[in-house]
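First up is the structure itself, then whatever we jot down about it.
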4 protein chains.
Amino acid sequence: MDDANRLSPRKTPVQRRGRATAEAIVEAAAHILEAEGLAGFNTNAVAARAGASVGSLYQYFPGKEAILAALARREADRFAAALDATLSRVAAAPLDEAITAMAAVAVAHQSSRPRLARLLDGEEQRLGLGDEAQAATRGTADRLARFLAGRPDLDLADPNEAAADLLHLARGLIDGALERSAASDLAGRVTRAALGYLGAASGC
Amino acid sequence: MDDANRLSPRKTPVQRRGRATAEAIVEAAAHILEAEGLAGFNTNAVAARAGASVGSLYQYFPGKEAILAALARREADRFAAALDATLSRVAAAPLDEAITAMAAVAVAHQSSRPRLARLLDGEEQRLGLGDEAQAATRGTADRLARFLAGRPDLDLADPNEAAADLLHLARGLIDGALERSAASDLAGRVTRAALGYLGAASGC
Amino acid sequence: MDDANRLSPRKTPVQRRGRATAEAIVEAAAHILEAEGLAGFNTNAVAARAGASVGSLYQYFPGKEAILAALARREADRFAAALDATLSRVAAAPLDEAITAMAAVAVAHQSSRPRLARLLDGEEQRLGLGDEAQAATRGTADRLARFLAGRPDLDLADPNEAAADLLHLARGLIDGALERSAASDLAGRVTRAALGYLGAASGC
Amino acid sequence: MDDANRLSPRKTPVQRRGRATAEAIVEAAAHILEAEGLAGFNTNAVAARAGASVGSLYQYFPGKEAILAALARREADRFAAALDATLSRVAAAPLDEAITAMAAVAVAHQSSRPRLARLLDGEEQRLGLGDEAQAATRGTADRLARFLAGRPDLDLADPNEAAADLLHLARGLIDGALERSAASDLAGRVTRAALGYLGAASGC
DNA sequence: CATGAATGAGCCTTCATTCAT
DNA sequence: AATGAATGAAGGCTCATTCAT
């Protein structure tokens, strides 16, 4: 349990105050990452920005990386939620329309806090991101895979692989574009690539 | 010149011994990054692995980030070289064939030292990668852009944007796949996405 | 605030323990300077002698120079206090008597920890000694200047200059004498020079 | 002989080139001290500024401190020479005139490279300044002592002590004044103090 | 539970000195 | 003799983590 729980929150705070503190810490981490990058991300700074003491921080998180994991989980959850909403909305729509909608969701997510998103993308792999924390990320891919598998107009050998590929290519393309501030019609560009990948290019 | 040269090598070694040391340091950095990630990447470890002393390391590089920059440059150069070779070979080939060839080059490059490639992709943006060091990366995109612009069967509004997008989506897709050890027909997958992006999907 | 506060204490400790630590560090610095000179003055040694850890040291001082500054300030304050006491005692005394008393104070101060005093005299100028830290030194000169300006038996064009000159000549003379262990009637020698400087030589 | 010669030049270079190099090194040290203080004074910088290699530097000086010692000696010699010239010129003059002339020499010396002079004053005591190197400094005091002893209008108990005291008070006063850029009638101020010290104040 | 002072391993970097060429 | 690359001890400083209050 020592190493396994390295990334899990130390305790699920039941009391209101506790939860609020934990959330403040995670949000403080997000702020700092967005504003100063990994270099400025240290437990003292996070605690200070969260209006808590280091001691409290360690009450809720077993260590620095666990905060990152919680933050990654939070972001993944948010993305998953946004994707879910869209997926159910476009379940019956034509494929290109559905993909366009999802691309827009992805672009919106990565755009809202671009630096944060990019950093988390990078860290997600570095930390093994213990199974539990990775669940959220996995969840997104699973949902997308199910969507793809359910489309009668697609005949994918491995929907899980496709889902993961699409997520990664979209992330790569979007992060790169945001870095270069080349955001015009970004969703459209992602859509073209995705449809092409799925063997259903729009231009046909 | 103080902050500007933060990433440039400190002195270009003239003597054979010096050049060998500088190269050994860069290669040692690559080894360590591949084997232990950024966590194990510190000047003492790099120097030790290179069979040199810290003092020597600082003779050739103004700091640890400069080593990273040199390594990134080296890898970018290698990729650019491989791409160049392929580009000239497939200049006249049908588009899908040309793209397939380039995808294969990209997959090969990222696969040879997957962890290293991924780490460098992440760091490349973190360091501003001073103009000079970024030249190599830029170079790759420029070459690809020229290739795309020259294709009569493509009519791209902005070849530079397209080139950058293709590079980034390919990196995203490939890195993600390698992380999951899902490498089967990787080049094919990349090709489909690329052709789709270019509005020339293979399946038409 | 970054460079400006290079010499100011980092945090004013509120708790008793904290203040004690900060003071122990300053006193440790004094001990080391007296015993081993600037060569032995390093953060590890100071912290060790203070019975604290480097970490604590850096909690209270932003760097080693700040410790020097704090020490210089402490010594200047002590000297100023001693001078103050004497000044009020001899305010109405004949000039030569007053100067003799002050010379005795200066000799006593520099003699109590001669090496320390000499080192601080040397360092005081090297560090710019930020305005705040310099205040104490300035204070001494100001007090003396006021005293000189108030003497009816003196007619000085620039009492501030005279005060600074007297302080410096006394320091030079005393430090030099202590170095040579030539301390007999030191206060008398200083007094003669001072009275001469003031144009009121005793021998007239 | 190991520790004893720590401060002596390693070899008295007989060949012209050797002497030139040694002198260049000493002058480079002076330049650096004047321009950047002790912080910038390191063997690599000195060698570079002297147009020599570190290796050559170590050919002529056993270590870093020896360069300082040589420089101190050079400056002391120059001062002694200037003082000698003046002493012989004013041997028969009235005391206040003679002292005034010497004060002017001291002011001129300390003013020509004020930072250098102050630094050397500080270092002179720190290094033990091996007997030989100290000889020059001693020499100045001896000359002055002889002059004082020879004056029929003075009756000093200990001319050596008086000479040393005068030199030190003058240095303290002058260095302090130059630091504050308060140089007007500096020689006059020194003279008043000196005459007062000698019990022969000008104002009588 | 909260606080924040204390700890100290760890890492970066400099520079005096040596020595192979 | 000269050169300058190499060495590595030494020291400055940070920050994750612990623990007394």
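No hydrogens, no waters, no symmetry mates; every other heavy atom, side chains included, goes into these values.
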For [X] and [N], give me the distance from atom [atom1] to atom [atom2], rounded to whole Å.
X: Leu57(B); N: dT14(E); atom1: CG; atom2: P; value: 11 Å
X: Ile32(D); N: dA16(E); atom1: CD1; atom2: P; value: 11 Å
X: Phe61(B); N: dA5(F); atom1: CZ; atom2: C1'; value: 15 Å
X: Glu65(B); N: dC11(E); atom1: CD; atom2: P; value: 16 Å
X: Gln59(B); N: dT17(E); atom1: CD; atom2: P; value: 17 Å
X: Lys64(A); N: dT17(F); atom1: NZ; atom2: P; value: 8 Å
X: Leu68(D); N: dA16(E); atom1: CG; atom2: P; value: 11 Å
X: Phe41(D); N: dT17(E); atom1: CZ; atom2: P; value: 11 Å

Is there a Watson-Crick or G-U wobble partner for dG8(E) with both distances under 3.5 Å, and if so, which one is it?
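Answer to the pairing question: dC15(F), which forms a Watson-Crick or G-U pair with dG8(E).
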Pairing partner of dT21(E) (Watson-Crick or G-U wobble, both distances under 3.5 Å):
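Base-paired to dA2(F).
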Starting the side chain at C-beta, find the nucleotide from [options] nearest to [X].
X: Asn44(C); options: dG11(F), dC12(E), dC15(E); value: dG11(F)
X: Ser53(A); options: dG4(E), dC13(F), dA6(E); value: dG4(E)
X: Asn42(D); options: dG12(F), dA2(E), dA16(E); value: dA16(E)
X: Tyr60(D); options: dA2(F), dT17(F), dA6(F); value: dA2(F)

Could you give the distance from [atom1] ([X]) to [atom2] ([Y]), rounded to the nearest 0.5 Å?
X: Arg118(C); Y: Glu34(C); atom1: CZ; atom2: CD; result: 8.5 Å
X: Ile25(C); Y: Ile67(C); atom1: CD1; atom2: CD1; result: 6.5 Å
X: Leu119(D); Y: Leu68(D); atom1: CG; atom2: CG; result: 8.5 Å
X: Arg74(B); Y: Glu27(B); atom1: CZ; atom2: CD; result: 4.5 Å

Nearest-nucleotide 5' precedence on DNA chain E, Ser56(A) against Val54(D):
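Nearest-nucleotide comparison on DNA chain E picks Ser56(A).
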Contact nearer the 5' end of DNA chain E, comparing Tyr58(B) with Ala52(A)
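With Tyr58(B) and Ala52(A) compared, the 5'-side residue is Ala52(A).
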As a quick check of understanding, evaluate side chain to side chain contact (heavy atoms under 4.5 Å, CB included) for Thr21(C) and Gln59(C), giving each step before the final call.
CA-CA 10 Å; Thr21(C) 302; Gln59(C) 197 127 109; over 6 Å; no
Both Gly51(D) and Gly63(C) contact DNA chain F. Taking the nearest nucleotide for each, which residue is further toward the 5' end?
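Its nearest nucleotide lies further toward 5', so the answer is Gly51(D).
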Within the pair Thr21(C) and dA6(E), is there a side-chain N or O less than 4.0 Å away from OP1 or OP2?
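Affirmative; the distance criterion is met.
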